[in-house]
**Q** 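Okay, handing you the structure first.
By convention in this document, chain letters (A, B, ...) are assigned in the order of the sequence lines, proteins followed by strands, and residues within each chain are numbered from 1. Since the model is a prediction, treat every value here as computed from it, not as a measurement.
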Number of protein chains: 2
Amino acid sequence: MRARDENKEIAIRQKAVEMIVKEGLDGLSMQKLARAAGVSPATIYIYYKDREDLIIQLALYASEKLTCTSLENFDPEMSFEEGMKLQWRNRARFFTENPTEMLFVEQIKHSQHYEKFVEANKEHFRDVMKKFTANAIKNKELIELPFEAHWSIAFGPLYQLIKFHSQGHSYASKEFHLTDELMMQTLQLVLKALKP
Amino acid sequence: MRARDENKEIAIRQKAVEMIVKEGLDGLSMQKLARAAGVSPATIYIYYKDREDLIIQLALYASEKLTCTSLENFDPEMSFEEGMKLQWRNRARFFTENPTEMLFVEQIKHSQHYEKFVEANKEHFRDVMKKFTANAIKNKELIELPFEAHWSIAFGPLYQLIKFHSQGHSYASKEFHLTDELMMQTLQLVLKALKP
DNA sequence: AATATAAATGAATGTTCATTCACTTAACAA
DNA sequence: TTGTTAAGTGAATGAACATTCATTTATATT
């Protein structure tokens, strides 16, 4: 038995994500990817069933990495403010350290692959967050809200800020830079909205 | 001189947007599009320079429609609460009446075409919104904030809600439905965050 | 009715695409 | 050392791709 060459797998993943972010989903060709990763086209099919499977697997892998990072040092028993601050910082850090993967996940989330992507998503994160919010409500740190409304207020602004920062934006100033200070200022306002 | 057949132009636009939302940017082929729109492939090239031009033009057209809708009955002199309520309702209405175009714009915004899309965007909307916020700050209805932070809090949650509603979401309940009531409840919290 | 003009076409071009397959290579078990 | 297994390959295949072009068609003007 010959062992899989881990470097090949990593090279395929990394080059694929790069290609998609740079040239779009329609810029990802199996042959170009093989050349970029230094493997034979046929090798990719050892790791992935077909082109779509490749895309979905990559998205799941990257998204799992984001979820794990966002839960680092997190505990659902934390105070609401403390927990939110940690999650915002963790997510922002993931984006700073993995901008390409972050853009990739956002692209997939807004593509036709979204449904398959969601189906396969684990429930663990959802459960932790539900516990966190239930706890915060119990401690009168958070108003009662449908989960979707809560999520939208709690994280919608963060993702919007990240998008402003990552690509420039029709309405963003050219010189816009996402500082930790601005992020925390924004978070304080979000907390103001969500406190009883 | 033979006049352009407006129906053909509309058919191309409509089918292209449908195709992209259903099958993704990599699912849009000029020949398939021509067949779907009932025209010759060559006809498309009368209207658009090439495939990318087609995509960008479609995105600009749809985005302009969204901007116009969002400014319907809007006046930058309105009170902050009134103005925000109107914009939220206008945007939600656009989404309800044009779900495919809305998804299309969101897809382009998160794709590699984003930069070209932004470059070509008009400044009118930005100016109106700047006037609106400046006015609200003067009237002590809005705290002072960098434009990006303000925008993120003011509209980030709305777009997140729309996404929850349009596709289901990893963390959304299966039965989630975006009612006007929930939207207005969420807006009230956003306003709470942004009021001095 | 004749002319001019641009819209519209269908077939054709050369390229690139995803995927497969017969084959070779590496590593471990015997 | 030899046999077995799966990793890895390069070339090949046929389909689909974006785009072009010689030609036809419709219409507004003369």
Side-chain angles (χ1 to χ4, degrees), chain A residues 1-61 104 107-108 111-113 115-117, chain B residues 1-61 104 107-108 111-113 115-117:
Chain A
M1 241 267 282
R2 185 176 169 183
R4 281 194 183 184
D5 184 342
E6 203 182 285
N7 295 328
K8 282 189 204 308
E9 198 174 349
I10 292 174
I12 293 171
R13 259 213 301 264
Q14 190 188 323
K15 293 292 180 186
V17 169
E18 270 173 30
M19 273 177 80
I20 291 173
V21 168
K22 210 178 292 174
E23 305 174 47
L25 280 166
D26 44 350
L28 175 77
S29 119
M30 301 303 264
Q31 326 210 51
K32 265 162 57 190
L33 171 57
R35 210 173 312 126
V39 301
S40 159
T43 303
I44 303 176
Y45 289 86
I46 297 172
Y47 295 90
Y48 306 97
K49 193 166 119 322
D50 54 27
R51 187 176 173 278
E52 192 183 3
D53 183 52
L54 165 69
I55 294 170
I56 302 289
Q57 301 271 13
L58 290 180
L60 289 175
Y61 177 79
F104 169 64
Q107 182 159 346
I108 298 301
S111 79
Q112 79 273 28
H113 300 291
E115 302 226 4
K116 281 216 164 189
F117 171 73
Chain B
M1 240 264 284
R2 186 175 169 185
R4 283 195 182 184
D5 184 342
E6 203 182 286
N7 296 328
K8 285 191 204 300
E9 197 174 352
I10 293 173
I12 291 170
R13 258 214 300 263
Q14 189 186 326
K15 293 293 180 185
V17 169
E18 270 173 32
M19 274 178 80
I20 290 173
V21 168
K22 209 177 293 172
E23 306 175 47
L25 280 166
D26 44 351
L28 175 78
S29 116
M30 302 302 266
Q31 325 211 47
K32 267 163 56 191
L33 171 59
R35 210 173 312 125
V39 302
S40 157
T43 304
I44 302 176
Y45 289 86
I46 296 172
Y47 295 89
Y48 306 97
K49 191 168 120 327
D50 54 27
R51 187 175 174 279
E52 194 185 0
D53 183 51
L54 165 69
I55 293 170
I56 302 288
Q57 301 272 12
L58 291 179
L60 289 176
Y61 178 80
F104 170 64
Q107 182 160 345
I108 298 301
S111 79
Q112 79 273 25
H113 300 292
E115 302 226 4
K116 279 218 166 191
F117 171 73

**Q** Measure the CD1-NE2 distance between B/I55 and B/H113 for me, rounded to the nearest 0.5 Å.
**A**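 Taking CD1 in B/I55 and NE2 in B/H113, the distance rounds to 4.0 Å.
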**Q** Tell me which donor-acceptor pairs under 3.5 Å the side chains of residues 12-27 of chain A have, and how far apart each pair is, sequence neighbours excluded?
**A**
{"unit_1": "A/Q14", "atom_1": "NE2", "unit_2": "A/E18", "atom_2": "OE2", "d": "3.3"}
{"unit_1": "A/E23", "atom_1": "OE1", "unit_2": "A/K32", "atom_2": "NZ", "d": "3.0"}
{"unit_1": "A/D26", "atom_1": "OD1", "unit_2": "B/Q112", "atom_2": "NE2", "d": "3.1"}
{"unit_1": "A/D26", "atom_1": "OD2", "unit_2": "B/R51", "atom_2": "NH1", "d": "3.1"}
{"unit_1": "A/D26", "atom_1": "OD2", "unit_2": "B/R51", "atom_2": "NH2", "d": "3.4"}

**Q** For every nucleotide of nucleotides 21-30 of chain C, 5' to 3': is a protein heavy atom under 4.0 Å from its base (B), only from its sugar-phosphate (S), or from neither (-)?
**A** B---BBBS--
**Q** Please list, by residue number, the residues of residues 43-61 of chain B whose heavy atoms come closer than 4.0 Å to an atom of DNA chain C; answer none if no residue qualifies.
**A** B/T43, B/I46, B/Y47
**Q** What's the shortest heavy-atom distance between A/Y47 and A/D5, and which atoms?
**A**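 Nearest heavy atoms, A/Y47 then A/D5: OH-O, 3.5 Å.
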**Q** Taking atom P of C/dT16 as reference, at what distance in whole Å does atom CG of B/D26 sit?
**A**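 These atoms are roughly 18 Å apart.
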**Q** Identify every side-chain donor-acceptor pair in residues 36-45 of chain A under 3.5 Å, counting partners at least two apart or on other chains, and give the distances.
**A**
{"unit_1": "A/S40", "atom_1": "OG", "unit_2": "A/A42", "atom_2": "N", "d": "3.1"}
{"unit_1": "A/T43", "atom_1": "OG1", "unit_2": "A/S40", "atom_2": "O", "d": "3.4"}

**Q** Can you check the B/R35 CZ to C/dT9 P distance for me, whole Å?
**A** 14 Å
**Q** Take atom CD of A/Q31 and atom P of C/dT15, then tell me their distance rounded to the nearest Å.
**A** 15 Å
**Q** Does C/dC17 have OP1 or OP2 under 4.0 Å away from a side-chain N or O of A/S29?
**A**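 For A/S29, the contact criterion (side-chain N or O under 4.0 Å from OP1 or OP2 of C/dC17) is met.
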**Q** What residues form a side chain to side chain donor-acceptor pair (under 3.5 Å) with A/D53, not counting sequence neighbours?
**A**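 By the side chain to side chain donor-acceptor pair (under 3.5 Å) rule, A/D53 matches A/Q57.
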**Q** Could you list where the contact with chain B starts and ends along DNA chain D, reading 5' to 3', using a 4.0 Å heavy-atom cut-off?
**A** D/dC17 to D/dA28
**Q** Please find the pair of heavy atoms, one from A/R4 and one from A/I46, that lie closest to each other, and give the distance.
**A**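 Nearest pair, atom of A/R4 first, then A/I46: NH2-O, 3.5 Å.
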**Q** Can you tell me how far CZ of A/F117 sits from CG of A/L60, rounded to the nearest 0.5 angstrom?
**A**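 The CZ atom of A/F117 is 6.0 Å from CG of A/L60, to the nearest 0.5 Å.
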**Q** Just checking A/L28: base, sugar-phosphate only, or nothing, at a heavy-atom cut-off of under 4.0 Å?
**A** sugar-phosphate
